[in-house]
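Structure first, then comments.
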Amino acid sequence: MIEDPRIHNIVRNLSSIRNVYAVVSSKGGVGKSTVSTLLALHASRRFETGLLDIDFTNPSTHILLNLNPGELKYEEEKGILPYDLKGLKYFSIVAYTMDKPLPLRGEAARSVLRELLAIVKWGRLKLLFIDTPPGMSDEHLDLVYLLRDIVKPMVVSTPSILSVKSAARLVSVLKEAGFKWIGFIENMGNGSLRGNEVLRDVEYLGYIPYTPR
Amino acid sequence: MIEDPRIHNIVRNLSSIRNVYAVVSSKGGVGKSTVSTLLALHASRRFETGLLDIDFTNPSTHILLNLNPGELKYEEEKGILPYDLKGLKYFSIVAYTMDKPLPLRGEAARSVLRELLAIVKWGRLKLLFIDTPPGMSDEHLDLVYLLRDIVKPMVVSTPSILSVKSAARLVSVLKEAGFKWIGFIENMGNGSLRGNEVLRDVEYLGYIPYTPR
Amino acid sequence: MVHEWALAESIIYHVMSQGYRKVKMLKIRLGILQGIDKEILGFSLRELASMNNIEIKDIVFEDEEPLLECSTCGYKWSLSPSALSEEEREAIHFVPEAVYALVKCPKCGSRDFTIVKGRGVSSIEVVSE
Amino acid sequence: MVHEWALAESIIYHVMSQGYRKVKMLKIRLGILQGIDKEILGFSLRELASMNNIEIKDIVFEDEEPLLECSTCGYKWSLSPSALSEEEREAIHFVPEAVYALVKCPKCGSRDFTIVKGRGVSSIEVVSE
Ligand SMILES: Nc1ncnc2c1ncn2[C@@H]1O[C@H](COP(=O)(O)OP(=O)(O)O)[C@@H](O)[C@H]1O
Ligand SMILES: Nc1ncnc2c1ncn2[C@@H]1O[C@H](COP(=O)(O)OP(=O)(O)O)[C@@H](O)[C@H]1O
Ligand SMILES: [Mg+2]
Ligand SMILES: [Mg+2]
Ligand SMILES: [Mg+2]
Ligand SMILES: [Mg+2]
Ligand code: NI
Ligand code: NI
Ligand SMILES: [Zn+2]
Ligand SMILES: [Zn+2]
């Protein structure tokens with residue numbers, strides 16, 4: 001086994017969470033941050049819920065949550081406790097980088113992901129939503145192959161051909177890696193993707209219409 | 001100097017091109033692929049123009065150009081000659097990966113970028129547009145710091161707060177790195193970003209309205 | 001208990017996963033960049049060891065000088081925490097890679113550099129009974 | 001002239017950038033993965049040398065066995081080009097990293113692996129007159 005000592009701690013930390021959903025799409029701008037934030041806010045009214053932003057080079061969830069990086073303070077208790085936003089447990093690296101640009105090589109991004117998963121103590125949660133960066137690089141390789149038995153992927157796509165083709169590629173990688181459950185959310189659409197051939201092996205969870213706020 | 005032998009060849013290959021534009025934004029889905037493809041197609045009617053897709057893990061330009069990866073054949077002449085699409089010189093890695101998923105660590109993506117810039121022979125061009133991936137990782141570090149004296153960055157943003165904040169961060173990195181000229185294109189907008197404070201030091205090139213095809 | 005506890009967890013669970021029960025000496029190389037509190041880390045390691053009935057006789061910490069290397073101009077330098085503000089030090093303490101948002105190459109200003117050495121818990125050596 | 005010419009360009013321009021004019025021996029380690037044609041590369045190197053008035057006496061190629069390592073299960077293997085189709089070999093010939101779209105870890109199927117050795121032009125040794 002390739003030895004990164006943090007791995008054991010990561011598995012332990014995440015095992016106290018019933019459902020760890022990674023909101024994913026290789027295509028950018030399809031609504032990963034919007035969907036993961038909405039789902040987390042919504043769920044947190046009824047269940048113990050957490051939201052983790054691992055789009056380190058382009059964090060968005062703190063903006064959608066109307067949080068100023070300066071407000072984000074984490075307490076230390078055998079690690080770091082996520083920020084409590086009216087019941088939603090939230091963690092983002094912007095608390096440390098203060099929204100400054102954070103250029104990160106893939107290797108460094110993977111190390112940040114492992115460090116955070118090893119030191120952030122989510123405690124007993126029903127749901128953890130993870131907002132992810134676009135693309136398919138180091139962080140994604142860990143989500144797919146290191147956390148294969150823990151993470152439930154929720155693929156987000158718009159009806160646009162560019163997004164659907166990209167989603168198809170991602171679904172095939174997830175299938176090949178052995179993910180039993182793959183969720184699919186159509187965003188900025190009207191349900192047209194429901195029967196789409198791309199979705200043969202995934203569970204179509206629903207669609208969110210285009211709603212310019 | 002950190003010695004990657006390809007660097008010398010990269011500089012020589014690109015120096016036969018009058019203007020090398022990198023169409024950039026850390027945010028995904030703002031229109032990088034659409035804008036770079038439109039500009040390249042448009043320019044190719046009047047000038048010797050090239051289009052290079054370096055979004056290796058999520059290539060889109062071949063779809064926008066209605067090109068099937070199987071059609072993309074490159075001739076060899078002291079390197080590789082880009083594909084001639086009715087006058088537009090075009091290169092994308094999909095010719096080799098056949099649209100299969102290509103998970104790439106940052107380090108590998110940087111190596112692909114360098115290999116292509118070293119072996120693809122663009123010849124004398126007036127314009128080369130480079131479509132780039134979202135985020136700010138290995139490939140971007142090369143565009144910003146290795147090709148600083150060659151590349152002209154064109155930042156693309158939508159009017160959305162998430163995109164504008166992301167564009168502001170990217171502009172600050174480009175300024176800090178010493179780019180004399182930074183172009184800015186507002187996409188899916190109506191000119192509202194023109195006087196925006198983010199654009200203090202950049203040249204506002206215009207806007208493209210939201211035009212669902 | 002502070003965040004060093006979680007660093008200790010990674011070390012102890014790693015040692016356990018390798019099947020050690022009785023450890024004569026646990027030698028840990030610590031990158032100075034992260035500014036880890038050795039006393040608290042040592043205390044946490046001993047607590048966690050006893051909680052997981054692992055016996056550890058000696059714990060030895062070795063400092064590792066940070067070494068950063070710029071890929072743009074090749075310059076190498078050792079970032080000393082004193083060059084950073086209190087806030088910056090804290091950010092790097094929790095996430096060492098925050099350095100990529102806070103530091104540039106002193107010679108050419110590039111952000112294309114790597115942490116070659118001295119990041120954090122960089123090596124764990126176990127000498128069993 | 002085929003694409004090996006561009007590989008030769010990188011080597012020659014690199015040698016020139018280091019200030020060499022008279023080279024007694026140029027030793028190049030070539031990863032087998034890329035399947036570079038040594039004859040054509042040698043010819044291209046000599047042509048480019050003379051075009052840039054560099055004298056090179058001997059050119060020596062050394063083969064480097066490919067070594068791939070899986071980060072998921074730790075398995076190491078040497079990918080032999082014969083295990084690939086004609087098309088796959090050609091893709092890897094031009095862009096070695098195409099391997100990440102074409103190959104999986106034989107033991108656990110993971111795509112999280114690295115090319116440790118044997119990618120392409122991996123080292124250039126210059127012995128000047
Ligand atoms: N259902 C929707 N209706 C209208 N706009 C949306 C919707 N979902 C997302 N957006 C907008 O689209 C843009 C991209 O959304 P975002 O969540 O940032 O995508 P991603 O995280 O995948 O890049 C944002 O400006 C966001 O406000
Ligand atoms: N001006 C526009 N009007 C309407 N849709 C657009 C416009 N520009 C881009 N799009 C659509 O928005 C989505 C994202 O565009 P894309 O060029 O792929 O962005 P990026 O390359 O930055 O991820 C695509 O579905 C594209 O068709
Ligand atoms: Mg996002
Ligand atoms: Mg794109
Ligand atoms: Mg272990
Ligand atoms: Mg050189
Ligand atoms: Ni601490
Ligand atoms: Ni060849
Ligand atoms: Zn430097
Ligand atoms: Zn494996």
Side-chain angles (χ1 to χ4, degrees), chain A residues 1-13 15-16 52-54 56-59 69-70 72-82 91-123 138-139, chain C residues 1-18 26 28-29 31 34 36-37 40 43-45 47-48 51-52 68 71-72 85 87-104 110-116 119-126:
Chain A
M1 247 310 296
I2 297 295
E3 271 323 297
D4 179 333
R6 294 175 291 189
I7 292 176
H8 312 284
N9 219 17
I10 291 171
V11 172
R12 287 189 183 229
N13 283 341
S15 49
S16 69
L52 170 61
D53 191 335
I54 67 168
F56 306 130
T57 65
N58 200 56
L72 274 173
K73 292 276 174 282
Y74 307 123
E75 276 158 40
E76 287 182 65
E77 182 41 45
K78 296 190 174 182
I80 307 178
L81 301 184
F91 190 95
S92 168
I93 196 170
V94 287
Y96 297 127
T97 55
M98 285 295 144
D99 238 354
K100 285 187 181 143
L102 179 65
L104 277 184
R105 294 168 183 234
E107 212 179 343
R110 191 193 293 241
S111 182
V112 174
L113 174 60
R114 291 184 175 194
E115 194 76 22
L116 296 184
L117 291 178
I119 61 176
V120 176
K121 300 292 174 177
W122 296 95
D138 299 68
E139 312 91 309
Chain C
M1 259 308 299
V2 288
H3 118 280
E4 270 75 355
W5 180 273
L7 305 181
E9 281 177 320
S10 291
I11 295 168
I12 293 295
Y13 300 150
H14 175 61
V15 167
M16 285 165 64
S17 78
Q18 314 239 303
L26 182 60
I28 298 161
R29 198 131 31 88
Q34 205 172 357
I36 296 164
D37 184 313
I40 303 180
F43 172 78
S44 307
L45 285 167
E47 278 290 302
L48 282 156
M51 283 161 66
N52 293 277
L68 279 65
S71 299
T72 304
S85 74
E87 243 173 35
E88 287 170 339
R89 269 201 299 277
E90 204 185 70
I92 294 173
H93 175 64
F94 292 114
V95 182
E97 284 75 19
V99 75
Y100 293 113
L102 307 169
V103 167
K104 290 178 294 185
S110 167
R111 290 164 165 266
D112 191 3
F113 61 88
T114 51
I115 309 172
V116 177
R119 176 189 177 283
V121 176
S122 68
S123 86
I124 302 168
E125 216 188 297
V126 183

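If you take NE2 on His8(A) and CD on Glu9(C), they are separated by 12.5 Å, rounding to the nearest 0.5 Å. Annotation: the span from Asp4(A) atom CG to Ser10(C) atom OG amounts to 8.0 Å, rounded to 0.5 Å. Separation of atoms CD (Glu97(C)) and CZ (Arg110(A)) is listed at 13.0 Å; rounding is to 0.5 Å. Of the inter-residue distances, the one linking His93(C) atom NE2 with Tyr96(A) atom OH reads 8.5 Å to the nearest 0.5 angstrom.
For chain A, the nearby part of Ile124(C) is the side chain; its heavy atoms alone come within less than 4.5 Å. There is no contact between Ile10(A) and chain C, counting heavy-atom distances below 4.5 Å. If you measure heavy-atom distances from Glu47(C) to chain A, you find no contacts under 4.5 Å at all. With a 4.5 Å cut-off on non-hydrogen atoms, Ile119(A) touches chain C through its backbone and its side chain both.
At least one side-chain heavy atom of Phe94(C) sits under 4.5 Å from a side-chain heavy atom of Glu76(A). Residues Asp112(C) and Arg105(A) meet the side-chain proximity criterion, which asks for heavy atoms closer than 4.5 Å. A 4.5 Å side-chain heavy-atom check between Glu115(A) and Leu7(C) finds at least one atom pair inside the cut-off.
Side-chain atoms of Asn9(A) come within 3.5 Å of backbone N or O of Ala6(C) as a donor-acceptor pair.
No other option in Thr97(A), Leu81(A), Ile80(A), Val120(A) has as many heavy-atom pairs under 4.5 Å with chain C as Ile80(A). Counting heavy-atom pairs under 4.5 Å between each of Met98(A), Glu77(A), Glu107(A) and chain C puts Glu77(A) at the top.
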